[in-house]
Student: 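Would you mind keeping the following structure in view while I ask a few things?
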Amino acid sequence: MDEVIVTGTRSTARTVTTSLAPIDVLSAEELQKSGKQSTRDLIATFVPSANVSNSGAGASFAFKTVSLRGLSGDQTLLLVNGKRRHNTAVLFVNGTTQNGQSPPDLDLIPSAAIERIEVLRDGASAQYGSDALAGVINIILKEGAEGGALTALAGLTGKGDGETAQASANAGFGFGDTGYLNLTLDARTTNHTDRGYKTPNQTQLYFPVNGQPDPREASANRETSHPGQPQVQLYSLGFNTGADVGDLSFYAFGTVSSRNSAAYLTFRNPNSLNNNVSVYPDGYTPRLFLKDRDYQVAAGVRGRDLLSFNWDLSTTYGSNEVGYYENSLNASLGPQSPTYFYLGTLTFDEWTTNFDLNREFEVGLAKPLFLAMGLEYRDDTFAIEAGELASYVNGGYRAPVGAPLAGQVTQGGSQGVTGFPPFAAGEFSRDNKSAYINVEQAITDNFEVSLAGRYESYSDFGETTTGKVSARWEPIRNFAVRGTVSSGFRAPSLQQQHYGSSSTIGVSFPTGTVLYPVQLLPPDNPAAIALGAKPLEPESSTSYSLGFVSRPLPGLSLTLDVYQIEIKDRIMQSATLGPNTVVSNALASQGLNPQQAVFYYANAADTTTQGVDFVGDYAMTVGDGRLRFTFTANYTKNEFDRITAPPPELAAAGLVLVDRIKIGDFTVGTPRDKEILSVNWVQDRLDVTARFTRFGEITQRVANPLNDETVSPTLIVDLDASVDLTERLRLTVGANNLFDVYPDTIRPANRGNPPFSFWNQYAPWGISGGFYYTRLAWTF
């Protein structure tokens with residue numbers, strides 16, 4: 001609790017307990033001990049208000065989003081060594097609750113390169129810029145000039161799949177008198193987990209022809225859908241280097257990552273409009289492949305005595321490129337259809353340059369006044385490259401006379417995820433200029449305040465100003481009160497403004513869930529405009545927090561923070577619109593398949609999020625060992641203050657912009673409460689940690705209220721035990737979800753036809769069950 005932090009303050013002498021806002025610090029030791037396979041999952045494990053969205057259909061399967069304090073993943077800012085991290089090129093769509101986001105991908109930062117993670121649970125737009133409505137995650141990289149570690153992990157799930165192998169190497173090197181270079185290599189391969197529908201349903205017709213059964217029904221393979229974690233191969237390199245030259249300090253750091261991932265989509269029946277029996281006589285399950293190439297490089301120089309100011313000049317360039325490929329079929333091309341498609345490529349580039357200044361002034365108060373200020377310039381570019389012709393074209397094929405579904409129009413484009421057509425392709429960019437000032441002042445020995453202000457100018461959204469006021473008062477030794485009031489601003493991402501795609505997903509109708517083609521339209525697409533879409537506007541927020549910090553006994557620390565976050569003009573994914581005549585006409589007018597449903601992004605609501613965070617930590621000595629208890633808890637409630645009325649185009653068609661499904665996803669689609677109790681015992685060479693995480697109830701709303709689903713309150717137990725075989729060699733065995741707990745199953749009406757879902761994917765702990773692993777680590 002006394003560790004010096006660098007997040008939430010520009011000063012260099014602030015600790016967790018003296019911070020004016022709540023900060024969680026996750027150490028390298030915690031990173032190494034946990035069996036979590038990603039930094040994102042680790043944050044969700046230790047931070048009470050952090051939750052992970054584990055599901056996404058179509059291209060969203062490849063990465064998960066992490067949210068703080070009930071807000072979206074892209075409303076939390078990610079920093080690496082205090083410098084802004086670029087976002088992913090992919091727009092997370094077709095998921096459960098975290099739709100419409102393109103946050104930075106935490107998986108692409110090698111965990112073995114991380115010294116610690118600082119999580120600021122407080123609005124910080126005025127301090128760090130837009131996207132920090134919920135808080136900031138700052139990843140601090142290792143900078144040791146000597147020593148290192150070699151680590152190997154192997155594990156699998158309770159059902160014997162999801163085999164995982166991970167190896168990492170970290171080493172520090174010194175050069176010159178002050179130079180250091182810290183390098184990390186990380187490689188991980190994870191196999192697919194299959195949690196599909198395993199109960200054969202002999203009444204389900206897989207080969208229906210005008211409602212008549214086919215003799216093949218008796219022997220048809222009905223285990224055709226394979227939901228679960230994707231297959232992933234990930235290779236990452238991280239570096240952190242620096243050296244002093246005279247009065248100047250030069251530094252650079254970065255990461256380079258390559259990730260190939262694959263997942264099965266939903267089964268297509270043999271005799272259906274999206275199949276051709278001459279190509280796939282027994283139907284097929286599309287398989288989507290993503291090739292992710294990512295890098296970030298930052299370089300800078302620090303100095304002193306620039307008009308008595310300390311200064312820091314840096315520039316950071318990051319890029320994320322994702323190529324889409326698919327094993328599938330374009331039924332509209334008939335028997336000549338390819339079965340492998342290139343769907344296109346998404347690219348997001350971000351170049352950020354900062355100049356920061358800080359110094360102290362003696363003003364005759366308890367401590368010197370600390371002043372920080374700076375400038376930032378950022379340039380963002382998002383590009384969509386069209387796929388091959390066969391991936392999106394409608395070839396107009398009709399089944400011949402005598403064939404199943406003879407004469408009917410087959411579906412165009414590759415099935416599962418359709419390729420990006422030329423009209424969706426393009427390059428889109430914008431720049432942003434900003435300036436900030438931050439003042440921290442101890443008025444007395446037990447009362448201090450902080451003021452921050454930021455001016456931003458976007459090339460596409462104009463100017464805005466945000467501010468933050470923080471205070472901390474310690475009326476009694478070891479008991480303090482802290483609070484903040486801040487305003488925030490988040491411009492729509494380029495992905496939200498320009499990304500468009502077509503895929504076939506499970507859509508909830510009053511009669512049940514059906515596999516149906518859905519088109520995501522950018523807000524500026526003429527078809528979207530015909531359905532009432534308008535250009536996206538920025539989100540603005542006002543945040544309030546009040547906290548209490550106490551250290552009543554040696555070894556015991558307690559914090560309690562209450563918060564309220566009000567967001568105006570919140571960007572949300574619309575309801576799934578259609579099938580409907582008005583929707584079909586709008587699509588047909590632009591040459592798009594009229595037999596689809598539609599959604600787009602809109603400033604759909606004003607919302608209020610209220611919550612409480614509690615963190616308690618107690619360490620004690622037991623004999624020759626040490627026992628530590630950590631209890632964290634969060635309660636979060638999301639409410640709508642205003643829902644945008646459907647535009648006239650939708651109202652005339654009897655459609656709404658935000659339906660009960662989207663309302664439910666926001667208000668009850670994540671656990672309202674989450675509690676974590678960790679017990680760590682260390683004695684001699686043995687280190688054992690047991691973690692008990694309870695997730696509160698979740699409700700999945702569907703089109704028919706009678707078919708709403710519930711994920712019951714659930715306790716997940718993690719356990720790891722480490723033993724030092726030698727002074728340098730440590731063996732760990734452990735389990736994430738020790739008792740192999742699964743979420744509730746869903747109703748038959750919501751499983752799809754054929755069934756493509758069985759376990760409820762709204763569960764934050766996922767549907768793959770327990771993961772059991774062993775790790776060997778050698779330090780040098």
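Keep in mind that this is a model prediction, so the values were computed, not measured.
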Student: For E697, run the side-chain contact (heavy atoms from CB on, under 4.5 Å) check against T714, V711, T710 and tell me which one passes.
Tutor: T710

Student: Just checking, any donor-acceptor pair under 3.5 angstrom between side chains of T609 and N638?
Tutor: yes

Student: Any carboxylate oxygen within less than 4.0 angstrom of a Lys/Arg side-chain nitrogen, looking at E440 and K367?
Tutor: no

Student: Are the side chains of Q496 and L91 in contact, using a 4.5 Å heavy-atom criterion?
Tutor: yes

Student: Considering only NZ, NE, NH1 and NH2 on the basic side and carboxylate oxygens on the acidic side, decide whether R482 and D561 come within less than 4.0 Å.
Tutor: yes

Student: Consider side chain to side chain donor-acceptor pair (under 3.5 Å). Of R454, E456, R378, which one does S434 pass it with?
Tutor: R454

Student: Below 4.5 Å, heavy atoms only, C-beta onward: do L558 and V615 meet side chain to side chain?
Tutor: no

Student: How long is the straight-line distance from CG of L494 back to CZ of R430, given to the nearest 0.5 Å?
Tutor: 4.5 Å

Student: Restricting to non-hydrogen atoms, name the atom on T466 and the atom on A126 that form the minimum distance, rounded to 0.1 Å.
Tutor: OG1-CA, 3.5 Å

Student: Do other residues, nucleotides or ligands put more than 12 heavy atoms under 6.0 Å from K83 NZ?
Tutor: yes

Student: Taking all non-hydrogen atoms of both residues into account, name the closest pair between P554 and Y618 and its distance.
Tutor: O-CE1, 3.9 Å

Student: If we only count heavy atoms from C-beta on, is the I698 to V668 side-chain gap below 4.5 Å?
Tutor: no

Student: Report yes if the side chains of D105 and R85 come closer than 4.5 Å at any heavy-atom pair, otherwise no.
Tutor: no

Student: Do R302's NZ or CZ and the ring of Y251 fall within the cation-pi criteria of under 6.0 Å and 45°?
Tutor: yes

Student: Using the ring of each side chain (for Trp, its six-membered ring), is F461 parallel, tilted or perpendicular to Y458, with breaks at 30° and 60°?
Tutor: perpendicular

Student: Applying side chain to side chain contact (heavy atoms under 4.5 Å, CB included), name anything that partners N354, two or more places apart in sequence or on another chain.
Tutor: S314, T352, D356, E376

Student: Under the side-chain hydrogen bond (donor to acceptor under 3.5 Å, both in side chains) rule, what do Q127 and Y436 come out as? Steps first, then yes or no, please.
Tutor: CA-CA 7 Å; Q127 295 169 291; Y436 75 87; over 6 Å; no

Student: So do the side chains of S72 and R570 get within less than 4.5 Å of each other, counting heavy atoms only?
Tutor: yes

Student: Report the residues that fulfil salt bridge (Lys or Arg N to Asp or Glu O under 4.0 Å) with R642, sequence neighbours left out, ordered by chain and then residue number.
Tutor: D569, D606

Student: Measure across V449 and A471 and return the closest heavy-atom pair with its distance rounded to 0.1 Å.
Tutor: CG1-CB, 4.1 Å

Student: So, taking the atom named CG in N138 and the one named CG in N81, what distance separates them when rounded to the nearest 0.5 Å?
Tutor: 7.5 Å

Student: Is there side-chain contact between S486 and S543, with at least one heavy-atom pair below 4.5 Å?
Tutor: yes

Student: Is it true that K568 and E566 have a side-chain N and a carboxylate O under 4.0 angstrom from each other?
Tutor: no

Student: Can you check whether D708 reaches R660 side chain to side chain, under 4.5 Å on heavy atoms?
Tutor: yes

Student: Salt bridge (Lys or Arg N to Asp or Glu O under 4.0 Å) with D659: which residues, sequence neighbours excluded?
Tutor: none

Student: Quick check on the 6.0 Å ring-centre criterion: do Y563 and Y544 meet it?
Tutor: no

Student: Atom CG in D379, atom CH2 in W351: separation rounded to 0.5 Å?
Tutor: 8.5 Å

Student: Does atom CH2 of W311 have more than 12 heavy-atom neighbours from other groups under 6.0 Å away?
Tutor: yes

Student: Assess whether side-chain hydrogen bond (donor to acceptor under 3.5 Å, both in side chains) is satisfied between N320 and T88, documenting all intermediate values.
Tutor: CA-CA 6 Å; N320 180 248; T88 178; 3.2 Å; yes

Student: Taking NZ, NE, NH1 and NH2 as the nitrogens, is one of them in R694 or E675 under 4.0 Å from a carboxylate oxygen of the other?
Tutor: yes

Student: How many angstroms lie between atom CZ of F695 and atom CD1 of I676, to the nearest 0.5 angstrom?
Tutor: 7.0 Å

Student: Once you measure the plane-to-plane angle for F309 and F361, does it fall in the parallel (<30°), tilted (30-60°) or perpendicular (>60°) bin?
Tutor: perpendicular

Student: So, are D613 and R121 salt-bridged, with charged N and O less than 4.0 Å apart?
Tutor: yes

Student: Nearest 0.5 angstrom please: I23 CD1 to T559 OG1, how far?
Tutor: 11.0 Å

Student: Is the shortest heavy-atom distance from the side chain of L371 to the side chain of E360 under 4.5 Å?
Tutor: no

Student: Got a donor-acceptor contact below 3.5 angstrom from the N438 side chain to the L451 backbone?
Tutor: yes

Student: Whether R551 and D617 form a salt bridge (side-chain N of Lys/Arg under 4.0 Å from carboxylate O of Asp/Glu) is what I want to check.
Tutor: no

Student: List the atom of I567, the atom of L71, and the distance in Å for their closest heavy-atom pair.
Tutor: CD1-CD2, 3.9 Å

Student: Show your working on side-chain hydrogen bond (donor to acceptor under 3.5 Å, both in side chains) between S450 and S470 and close with a plain yes or no.
Tutor: CA-CA 5 Å; S450 173; S470 305; 5.0 Å; no

Student: Quick check: closest heavy atoms across R69 and P22, and the distance to 0.1 Å?
Tutor: NH2-CG, 3.6 Å

Student: Provide the closest heavy-atom pair for Y601 versus F92 in the form atom of the first, atom of the second, distance.
Tutor: OH-O, 4.2 Å

